[in-house]
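Proteins come first, then strands; the chains are lettered A, B, ... in the order of their sequence lines, and each starts at number 1.
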Amino acid sequence: MSAVFDELTWRGLVASSTDEAALIEHLEAGPVTFYVGFDPTAPSLHMGNLVQLMVARAMQRAGHRPLILVGGSTGLIGDPKATGERVLNSKETVAGWVERIQQQVAKFVDFTGPAAAQVVNNLDWTESLSVLDFLRDIGKHFPVNRMLAREVVKARLEDGISYTEFSYVLLQSLDFLELNRSYGCTLQFGGSDQWGNITAGVELLRRSDGTHVHALATPLLTKADGTKFGKTESGTVWLDPEMTSPYAFHQFFLNAEDAKVVEYLKVFSERPRDEIDELARQTVEAPHRRAAQRALADDITALVHSPAERDAAVAAAAALFGRSDLAELAEPTLASLVHELQAPDLQVGAELPPVVDVLEASGVVASKSAARRAIAEGGAYLNNVRLADPEARLGDDDLLHGRYVITRRGKRTVGAVALVRATRGEDDHWEPS
RNA sequence: GGCAGGUUGCCCGAGUGGCCAAAGGGAGCAGACUGUAAAUCUGCCGGCAUCGCCUACGUUGGUUCGAACCCAACACCUGCCA
């Protein structure tokens, strides 16, 4: 049995595949060129895409060659979703996102050595393709009756689906055909929601060129209650540090449920099997220690961001959730914590602002009304001290090292502000009297 | 192009002239309990200068003391017919 297929199976990354025996044999026969695609539907990839990147890494470690496709053309069309028609993004927007995502995926694969990865863009072979060639060479292989039978399409027949989205599957299938012809690509994988698009490509290759290729799909990660994994209160967990801070990213994984943490660990940590088994055992015996959660959060943060960012996130959490008095933290520690929390500067005059303004500015609440509400509910904190009075103003005592304030809503939502005295020109450090 | 139906807060969905910032459900947030879990219970859930004011029920205009609710035009969606 192929070692890499065995590993993917053990890690729970194989939801479905084409002929398994043939695929294993193919992987054993020598280096396989494989591809996985990402459509630019946002300026950054998210945690869900990371599953595919982990598979690509495992495959490359085993000596296979990755082609990472960023969908410059498919992103212009839109993959049909069961929930309804997408809004088209402008060509300029999509092109900008393609560039950002190309840079983002680069850190996950190795571009050197015999199994060097390559990043490709499907706009390169579709932009100048004529409609007539497309309809004759590709469209001829797609029976509409079979297209209509696909799950997503069926789900949309009531509410309607545009011809644009209906045609998406042809474009993705064309990608596989093109990559097979130009790069010798013989395997495509993706999320299980892509299975229909992926197998359509396999079939196109067979019908058009008489070539037999392979496919693999990863399962959709879920939470214990069956809902999708990867959303937080503030939305999607992005890989871009500007969109989801390394601290928030680390916290997201640290808060994984006991019932699911081992499953996530297998996917997102590259630790060997015996270490993961040991962490699984600890989760059963001492769940409150959350050893598996810590390993998961640490590993994935180091990979997506950096070991330094991981250490900063761990240190920040220790300061915020530990028993240490924030006022006793040394200035450099506090400054890096404030940086980690992406604290904005808050301009203040001679008089210090009301606490509701500080809560709002720090980003832990969406509005002053929400700030008042949080205080009334007993869920708002300044420097780890619960606030009681919604009308209170900030006092000099509340400033850590003369300028920082750490805010918190509930147990986990933490923010900070750095006060800046607007009236002084040159002073960048204001001393409390 | 014609006819019919539809467009409500993050999502679904009630609401047919004042008692509507708008029922109910979902999602989300907070508190309690905990392990910065899960489950459960309770409260909250447009904004602000919070006994009040502002913005909001596709858009614009009108009727009215008063409109999410009535009228007109327009836009978009769905279905049927051409």
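Distances shown here put every side-chain N or O of A:Y247 at or beyond 4.0 Å from the OP1 or OP2 atom of B:rU36. Neither OP1 nor OP2 of B:rU36 sits under 4.0 Å from any side-chain N or O of A:R294. Applying the 4.0 Å criterion to OP1 and OP2 of B:rA49, one finds that A:R372 has a side-chain N or O inside that range. At B:rU50, none of the side-chain N or O atoms of A:K368 fall inside 4.0 Å of OP1 or OP2 (strictly under the cut-off).
For A:F189 and A:F34, the ring centers sit closer than 6.0 Å to each other.
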Protein and nucleotides 39-46 of chain B: nitrogen or oxygen contacts under 3.5 angstrom:
unit_1	atom_1	unit_2	atom_2	d
B:rG43	N2	A:E377	OE2	3.0

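Residue A:V55 is tested with A:L13, A:V36, A:V267 for a side chain to side chain contact (heavy atoms under 4.5 Å, CB included); the sole match is A:L13. Applying the side chain to side chain contact (heavy atoms under 4.5 Å, CB included) test between A:V417 and each of A:V338, A:V358, A:D345 identifies A:V358 as the sole match. Checking each of A:L254, A:L239, A:D240 against A:F249 for a side chain to side chain contact (heavy atoms under 4.5 Å, CB included) leaves exactly one that passes, namely A:L239.
The listed nucleotides are B:rG31, B:rU36, B:rA30; the one nearest the side chain of A:R409 is B:rA30. Between B:rG35, B:rU36, B:rC29, one nucleotide has an atom nearer to the side chain of A:A317 than all others, and that is B:rU36.
With RNA chain B read from its 5' end, the first of the two nearest nucleotides for A:H288 and A:A366 is the one closest to A:H288.
Within the 4.0 angstrom heavy-atom criterion, no nucleotide atom of any strand lies near A:A376. Counting non-hydrogen atoms under 4.0 angstrom, A:Y381 reaches the backbone sugars and phosphates but no base.
Rounded to an integer number of Å, the gap from NZ of A:K260 to C1' of B:rG35 is 20 Å.
With A:R290 contributing its side chain and A:A256 its backbone, the two residues share no donor-acceptor pair below 3.5 Å.
Between A:K260 and A:E257, no side-chain nitrogen of the basic residue sits less than 4.0 Å from a carboxylate oxygen of the acidic one, so the salt-bridge criterion is not met.
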